[in-house]
Asker: 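Have a look at the structure that comes next, please.
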Amino acid sequence: MAGFGEDWLNDGLDVPGADSGYWVAGVDYITGWREAREAADRLNRALLGVGLELSELRAVASTSEDGRGVVRLTGWPETVDRLADLLEARAHDSGGAV
C-alpha cells in the first residue's frame with residue numbers, strides 16, 4: 001500500500017490544454033487545480049484509511065474549461081464496487097439514504 005508523502009500526492013495534473021495544446025487566455029487554471037488537488041488528496045487519504053489501494057482507485061485533480069477545480073474518481077470497476085458497498089453500509093448504519 002502506498003503511504004503518505006509518496007508520489008501519489010504529486011500525480012494527476014490534468015489541466016485543459018495539456019493534451020490538446022489549447023489554453024484560454026486569462027483563465028486561472030492553477031488556482032482551480034490546487035483546490036481540486038487538496039480535495040483529491042483528502043479523498044485519497046480516506047481511501048487508504050479504509051484499506052483501498054490507490055493503484056486500484058484514486059481521486060485525481062483536474063480543471064474544467066473555465067478553470068474551476070474538478071476531482072475525478074478513477075479506478076477498477078471491482079474496487080469502485082467495494083467503495084459503493086462501504087458507502088451504502090455507512091448510509092444504512094446512519095439511517096441515511098443510499
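Numbering starts at 1 and runs along the sequence shown. Since this is a predicted model, take the numbers as computed values, not measurements.
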Asker: Taking only residues two or more places apart in sequence, or in another chain, which ones meet E56 in a side chain to side chain contact (heavy atoms under 4.5 Å, CB included)?
Answerer: E53, W76, T79, R82

Asker: Are L83 and L54 connected in the hydrophobic side-chain network, where two residues link if heavy atoms are under 4.5 Å apart?
Answerer: yes

Asker: Could I get the full list of side chain to side chain contact (heavy atoms under 4.5 Å, CB included) partners for V71, not counting sequence neighbours?
Answerer: A36, A39, A40, A59

Asker: Using the side chain to side chain donor-acceptor pair (under 3.5 Å) criterion, which residues pair with T74? Sequence neighbours excluded.
Answerer: none

Asker: For residues L47 and V70: do they belong to one hydrophobic cluster (side chain heavy atoms under 4.5 Å, members Ile, Leu, Val, Met, Phe, Trp, Tyr)?
Answerer: no

Asker: My understanding is that only residues two or more places apart in sequence, or in another chain, count here; which of them pass side chain to side chain contact (heavy atoms under 4.5 Å, CB included) with D81?
Answerer: none

Asker: Determine, step by step, whether Y29 and V24 satisfy the side-chain contact (heavy atoms from CB on, under 4.5 Å) criterion, reporting the C-alpha distance in whole Å, the side-chain angles of both residues, the deciding distance to 0.1 Å, and the verdict.
Answerer: CA-CA 9 Å; Y29 295 105; V24 177; 3.4 Å; yes

Asker: Working note: L73 + L43, criterion side-chain contact (heavy atoms from CB on, under 4.5 Å); need CA distance, chi angles, decisive distance, verdict.
Answerer: CA-CA 9 Å; L73 190 61; L43 181 54; 4.2 Å; yes

Asker: To the nearest 0.5 Å, what is the distance between CZ on R37 and OG1 on T63?
Answerer: 14.0 Å

Asker: Going by side chain to side chain contact (heavy atoms under 4.5 Å, CB included), name the residues that satisfy it together with V50, two or more places apart in sequence or in a different chain.
Answerer: L52, L86

Asker: Are side-chain heavy atoms of V60 and R58 found at a separation under 4.5 Å?
Answerer: yes

